[in-house]
Amino acid sequence: MTHAFILHDETVLCRQTPNGWSPVQIQLPDSVNDTALSTHDIHDTQPAYQVGRVTLLESLAPTHWLPNDDSSSNSIDNKDAHSLVEAEAANTFTAQAAIAMTYDYAITHHIDLPRILESHDLESNTLKNNDLTNNNVKNSSLKTDTCAFIAYRLLITQLPFALSDQLSQAIQLLRWQADTQFCSRCAAPVMHASRGERAMVCQVCRLRQYPRVQPCIITAITRPNPQTGEMQILLAHHHRYGQQKTSSQTLQYGLIAGFVEVGESLEHAVVREVAEEVNIRLTDIRYVSSQPWPFPSNLMLGFRAAHAGGDIVIQEDELSHADFFDLSDLPKIPSKGSIAYALIAQIAHEQGISL
Ligand SMILES: [Zn+2]
């Protein structure tokens with residue numbers, strides 16, 4: 001039996017459940033098995049650049065991360081013990097291999113899909129507030145069998161790591177297929193490499209094009225508060241977070257991050273980015289963990305470092321403010337599910353502080 005995730009750009013077809021939106025796995029008819037769907041055969045008569053489906057490999061949850069013990073604290077009142085146990089198990093969940101296809105491909109190939117709520121229906125609902133928590137689902141007027149395309153960005157905060165990574169992989173591979181239709185050397189149309197290899201091959205010059213990831217470092221910098229000794233973390237407000245500040249919404253802060261440049265080690269990238277953005281020196285630079293981030297195709301490499309010296313001078317074309325904040329008094333930080341949150345939570349956890 002073959003199942004498929006259905007994606008549309010950076011959204012995933014989901015079904016509403018009592019615990020929030022859950023990605024739908026469409027059961028494909030037996031006639032549409034993995035082999036029939038595959039366009040990887042070099043002799044296949046389908047267009048070489050058919051954009052459609054990818055087979056996702058099994059992925060593993062990053063077990064070295066903090067247990068998600070703080071994750072349920074916000075919504076603990078909304079869950080019974082059974083669902084908490086499930087949530088615990090979900091964090092060690094290993095996603096099975098699966099297929100992902102674009103909505104357009106599913107339509108073209110007459111795949112049976114559930115009734116899908118139009119986006120304008122969703123916009124009139126409480127879900128437009130980027131909040132997919134249990135509370136909102138309960139209060140919403142949507143029926144429980146409702147299906148809709150939900151932005152991956154919003155799903156990250158509630159999916160198990162392995163499933164989240166798998167969908168991230170699907171978004172990137174489907175985009176790569178769509179964007180890799182011609183040879184970048186000679187401009188001839190490309191075809192999928194032989195089955196099992198993720199490459200597009202030029203039929204003229206044989207150039208092979210592979211999906212690319214862009215390494216990007218993100219760093220949590222700490223120091224003791226010079227007055228009180230409490231551990232502090234460096235956070236910055238980026239212009240791209242926006243300047244709107246309403247009574248209900250405070251400015252969002254994040255960690256220092258940036259792309260690794262050609263010819264640079266990860267540690268050099270950490271030192272350079274931090275020097276460029278806030279002009280301070282670091283010591284004790286340590287790698288912690290990584291996270292694939294499909295916007296557009298980044299691999300976030302999470303580091304920790306200690307402040308070694310220098311006063312903060314912000315790079316004004318990127319940042320509007322940066323400072324060291326006491327862990328007990330943080331501004332608004334990135335959502336759970338992001339590596340930024342995980343790094344900050346890890347440091348807070350060490351200090352006995354629950355975010
Ligand atoms: Zn070529």
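The model shown is predicted, which means the values in this text are computed figures rather than measured ones. Positions are given from 1 along the sequence. Read the numbers this way: they start at 1 and go in the same order the structure lists the ligands and their atoms.
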With Glu273 via salt bridge (charged side-chain N to carboxylate O under 4.0 Å, His left out) - residues at least two apart | none

What protein N/O/S atoms sit under 2.8 Å from the Zn ion (ligand 1), by chain and number?
-> Cys183 SG, Cys186 SG, Cys202 SG, Cys205 SG

State whether Arg304 and Glu350 are salt-bridged, where the test is any N-O pair (Lys NZ or Arg NE/NH1/NH2 against Asp/Glu carboxylate O) under 4.0 Å.
-> yes

Give a yes or no on whether the ring-centroid distance for His321 and Tyr253 is below 6.0 angstrom.
-> yes

Would you say the side chains of His268 and Ser265 form a donor-acceptor pair under 3.5 Å?
-> yes

What are the two closest heavy atoms between Phe325 and Pro331, and how far apart are they?
-> CD2-CD, 3.5 Å

Charged tip of Arg198 within 45° of Tyr210 ring normal and under 6.0 Å = no

